[in-house]
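For the numbers below, each heavy atom of this structure counts, side chains included, while hydrogens, waters and symmetry mates do not.
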Amino acid sequence: MRLIVAKSSGFCFGVKKAIELAKDSIHKYNTIYTLGPIIHNPQVVKRLEEEGIKSVDSIEKIASQSDTTLIIRSHGTTPQVIDKITKMNLNMIDATCPYVKRVHKTVKEFSDKGYNIIIVGQRCHPEIVGVNGWCNNKAFIINSMEEARELPDMNNICVVAQTTLDKNEWHEIVKILKTKYKDKNIVIHNTICSNTFPRQQEAREISKIVTKMYVIGGKNSANTRKLYEICKENCNETYLIETYRDIDFSKIDKHDVIGITAGASTPDWIIKEVIGKMQENFDANVDDINFQESLEKNFVELHTGDILTGTVIKVSQEEVVVNLGYKSDGIVSKQEFSNENIEDLREVVKEGDQIEVEVIKVNDGEGNVLLSKKTIDEKRSWDKIEQAHKDNSTINITIKEKVKGGLIGYYDVLRVFVPASQVSNKYVEDLNQFINTNFDVKIIECSKRQNKIVASRRDVLNEQLEEQQKKLWDSIKEGDRIKGTVKNITDFGVFVDIGGVDGLIHISDLSWGKIKDPHEILKTGDVVEVMILSLDPENEKISLGLKQTMPHPWDNIKDKYKEGQVVKGKIVKITGFGAFVELEPGVDGLIHISQISNERINKISDVLKVGQEVEAKILEIKPEDRRISLSIKELLPKKEKSNSEPVGEKEQKTKFVKEEMKVTIGELFKDASNNIDIINEKIIKKANEDE
Ligand code: SF4
């Protein structure tokens with residue numbers, strides 16, 4: 001025969017504490033009572049009675065005398081009873097389990113706020129009677145899904161559970177309540193004791209694999225009965241026994257696999273007796289005979305300063321309850337949860353979350369373990385800050401305020417100062433723009449002892465810029481077209497940022513036309529496409545061209561202009577032999593002196609001025625020579641033409657001069673802007689000589 005003993009069997013923390021208090025009182029007081037059996041186990045109650053602690057079911061049965069001590073059992077009681085005890089001048093020992101006390105607190109808090117209280121549990125169980133007292137006995141007590149469905153319509157509801165309730169039942173009932181009151185304000189507090197679920201779960205698992213299951217505990221114990229019901233679902237031969245005497249050994253076969261569990265109010269000695277009898281009768285092979293040891297092993301040991309991960313089992317506005325695998329749960333108060341100002345802890349953490357905590361106090365006097373999450377966060381954050389400082393790596397901070405001399409940001413829970421000079425690698429007009437934004441920084445100074453962290457965003461930006469510049473230099477080549485932003489404009493050209501690196505567009509490369517000031521073409525902030533004309537990595541110089549990204553105006557000149565067409569333009573230059581007219585940037589036409597008027601003209605500047613708008617007729621277009629001949633005269637009335645100087649005379653002279661000098665008109669036009677005056681002087685001089 002094999003025996004499987006549940007490790008989570010036996011006294012829970014609350015019962016153990018109540019028994020200890022009772023035993024302790026035996027040596028201190030003469031007349032001691034418990035209000036109702038101290039725990040639901042007749043054997044334990046009998047033993048205590050033998051030692052002088054009597055159980056009474058009503059306070060009225062106790063004589064009002066000051067040397068009488070009354071113990072409130074682990075199930076707790078109502079505030080009305082406590083009031084009576086005080087008035088009767090009795091000495092009171094409160095052995096209410098801290099978990100139950102917490103339910104009292106929740107119920108009172110919400111009842112005082114005007115909430116309707118729903119208690120899920122057994123109406124007559126002393127724990128529920130006690131809890132109901134904390135809301136003036138006005139709670140709706142339900143114990144099934146049917147009862148949940150039948151509840152009246154109401155708003156502002158607070159739901160709590162009997163500490164020993166089956167978790168699955170609780171979830172089903174909560175589901176119904178959430179649906180029923182989906183449009184109402186309903187607050188659910190899972191107050192099931194953290195001892196209950198593991199015990200029930202283990203019993204459930206064992207009952208699935210055994211042939212017979214024995215649940216040891218008082219028949220009046222709610223949690224023992226619940227264990228029995230759970231096991232019975234899986235193992236038909238489940239028996240609820242108070243001691244080994246209840247076992248019918250004749251029904252046990254040597255091939256049986258026996259499972260044993262026990263309620264929270266069952267003492268170790270009763271469990272050991274049952275195991276002993278099994279061994280005695282069947283030479284049983286016990287999977288875990290050292291019951292107490294296995295129980296102890298099942299709990300972790302805690303010390304102040306321990307850091308461990310626990311599961312959140314309950315969250316309220318003010319505190320988080322964490323199961324650490326210790327005999328009692330840990331509590332993280334709002335102050336110990338975070339440095340941040342959190343209004344309601346339920347907004348940031350939920351049941352089932354795993355959180356890392358530090359033990360501040362193993363026992364706060366009420367059996368609770370006090371925990372802090374904040375100290376862990378601080379430690380972790382400091383570790384990361386120090387590592388980042390050492391590695392010269394970046395961290396991301398959230399800026400919260402502007403102070404004299406810089407900005408204050410937060411890295412997790414730690415305060416970080418960024419001096420104004422370290423905020424950017426450019427001038428920043430107003431630091432307020434960074435509030436409530438995040439950015440990366442490098443730690444330039446940190447001291448845990450002084451609680452001081454100084455950081456620089458400028459270093460990060462400079463590093464990024466360097467990387468960007470390197471990438472750019474590696475990726476560009478002459479002839480590439482690239483987009484950039486006009487950064488600065490000077491007399492000689494325009495500086496354009498092409499991605500962290502500035503290039504220069506010389507004024508002569510801005511336009512195919514003639515410009516005097518780069519501002520005629522661009523302004524600061526303009527985004528332009530430019531061509532890379534030359535690269536000088538050694539001196540970090542880049543020459544850019546803007547006009548090179550546009551078609552040359554002479555490329556399709558015949559599409560734009562036709563011979564005989566009348567065009568408008570501006571006089572841009574006057575020479576001795578004619579006037580140059582800009583038809584568009586980069587395209588000038590020439591009105592020869594003979595084509596200006598029907599009258600004889602001595603000096604062109606007598607009739608035309610630089611900057612003057614004129615209308616002229618295109619006489620000839622020669623794209624190969626980049627030459628357009630224009631005439632104003634052609635647009636004048638013919639009669640005026642008859643009064644003018646014979647046209648052929650000057651033309652003949654010009655032709656003669658051309659032949660003599662071996663210079664073509666095309667050559668004259670080609671480099672007109674540079675050489676035309678010199679050549680013109682020669683032409684005029686020659687013509688005058690001939691005259
Ligand atoms: S089962 Fe939980 S709530 Fe009940 S007495 Fe034990 S520790 Fe307290």
Side-chain angles (χ1 to χ4, degrees), residues 507-523 526 546-645 647 650-651 654 664-677 679-680 683-684:
I507 189 166
S508 60
D509 288 314
L510 279 171
S511 168
W512 290 113
K514 294 175 202 71
I515 53 168
K516 285 184 186 150
D517 182 351
H519 287 96
E520 292 170 28
I521 306 282
L522 294 171
K523 62 180 187 308
D526 278 353
L546 179 63
K547 72 179 186 188
Q548 288 79 356
T549 63
M550 302 166 197
H552 193 286
W554 280 95
D555 287 353
N556 56 349
I557 201 76
K558 284 228 165 184
D559 296 339
K560 294 187 281 185
Y561 303 101
K562 305 278 180 230
E563 288 170 4
Q565 183 185 347
V566 176
V567 289
K568 277 185 183 169
K570 194 188 276 180
I571 306 287
V572 288
K573 192 175 177 87
I574 293 174
T575 67
F577 63 88
F580 288 93
V581 178
E582 186 186 65
L583 300 181
E584 64 177 83
V587 179
D588 291 352
L590 173 67
I591 310 172
H592 189 267
I593 189 166
S594 61
Q595 291 297 326
I596 292 173
S597 170
N598 289 329
E599 305 296 331
R600 181 186 174 84
I601 295 168
N602 288 328
K603 253 171 92 189
I604 297 173
S605 56
D606 290 344
V607 289
L608 293 174
K609 298 268 175 292
V610 171
Q612 184 183 341
E613 291 265 0
V614 292
E615 202 171 48
K617 188 175 182 179
I618 298 175
L619 299 179
E620 189 182 33
I621 301 173
K622 286 203 165 178
E624 61 282 8
D625 297 332
R626 294 193 173 167
R627 197 185 82 182
I628 296 179
S629 300
L630 302 170
S631 171
I632 294 175
K633 193 171 80 177
E634 280 294 308
L635 299 177
L636 298 174
K638 293 285 178 199
K639 65 178 172 87
E640 284 186 32
K641 193 177 172 184
S642 65
N643 295 332
S644 65
E645 183 193 21
V647 178
K650 200 84 175 178
E651 284 170 349
T654 308
T664 67
I665 285 293
E667 283 166 331
L668 292 176
F669 274 82
K670 211 185 270 178
D671 207 358
S673 60
N674 296 326
N675 302 318
I676 204 84
D677 287 340
I679 296 166
N680 187 43
I683 293 168
I684 301 300

(request) Would you indicate whether Lys562, at its atom NZ, is surrounded by more than 12 heavy atoms from other residues, nucleotides or ligands within a distance under 6.0 Å? (result) yes

(message) Quick check on Lys609: does its NZ atom have over 12 non-hydrogen neighbours (other residues, nucleotides or ligands) under 6.0 Å away?
(response) yes

Is the shortest side-chain heavy-atom distance between [X] and [Y] below 4.5 Å?
X      : Y      : value
Glu615 : Ile632 : no
Arg626 : His552 : yes
Ile596 : Lys633 : no
Leu619 : Leu630 : no
Leu510 : Leu522 : yes

(request) For the pair Asp625 (side chain) and Lys622 (backbone), establish whether a donor and an acceptor sit closer than 3.5 Å, ignoring hydrogens and angles. (result) no

For [X] and [Y], work out which heavy atoms get closest and say how close.
X      : Y      : result
Ala579 : Leu608 : CB-CD1, 3.9 Å
Leu583 : Lys568 : CD2-O, 3.8 Å
His592 : Ser594 : ND1-OG, 2.8 Å
Glu584 : Tyr561 : OE1-OH, 2.8 Å

(request) Evaluate side chain to side chain contact (heavy atoms under 4.5 Å, CB included) for Phe577 paired with Ile604, printing each intermediate quantity in order. (result) CA-CA 8 Å; Phe577 63 88; Ile604 297 173; 5.9 Å; no

Could you grab the distance from atom [atom1] of [X] to atom [atom2] of [Y], nearest 0.5 Å is fine?
X      : Y      : atom1 : atom2 : value
Ile628 : Gln565 : CD1   : CD    : 9.0 Å
Phe580 : Ile571 : CZ    : CD1   : 11.0 Å
Leu636 : Gln595 : CG    : CD    : 10.0 Å
Ile593 : Ile591 : CD1   : CD1   : 11.5 Å
Ser511 : Glu520 : OG    : CD    : 8.5 Å

(request) Determine, step by step, whether Lys573 and Glu582 satisfy the salt bridge (charged side-chain N to carboxylate O under 4.0 Å, His left out) criterion, reporting the C-alpha distance in whole Å, the side-chain angles of both residues, the deciding distance to 0.1 Å, and the verdict. (result) CA-CA 9 Å; Lys573 192 175 177 87; Glu582 186 186 65; over 6 Å; no

(request) Using a strict 4.0 Å threshold on nitrogen-to-oxygen distance, state whether Glu563 and Lys617 make a salt bridge. (result) no

(request) Let me see the working for Ile621 and Lys558 under side chain to side chain contact (heavy atoms under 4.5 Å, CB included), right down to the final yes or no. (result) CA-CA 8 Å; Ile621 301 173; Lys558 284 228 165 184; 4.2 Å; yes

(request) Check step by step if salt bridge (charged side-chain N to carboxylate O under 4.0 Å, His left out) holds for Asp588 and Lys514. (result) CA-CA 10 Å; Asp588 291 352; Lys514 294 175 202 71; 2.9 Å; yes

(request) Begin from the C-alpha positions of Trp554 and Glu624 and carry the test side chain to side chain contact (heavy atoms under 4.5 Å, CB included) through to its verdict. (result) CA-CA 9 Å; Trp554 280 95; Glu624 61 282 8; over 6 Å; no

(message) Please determine whether side chain to side chain contact (heavy atoms under 4.5 Å, CB included) holds for the pair Asp606 and Ile601, giving the CA-CA distance in whole Å, both sets of side-chain angles, and the decisive distance to 0.1 Å.
(response) CA-CA 8 Å; Asp606 290 344; Ile601 295 168; 5.5 Å; no

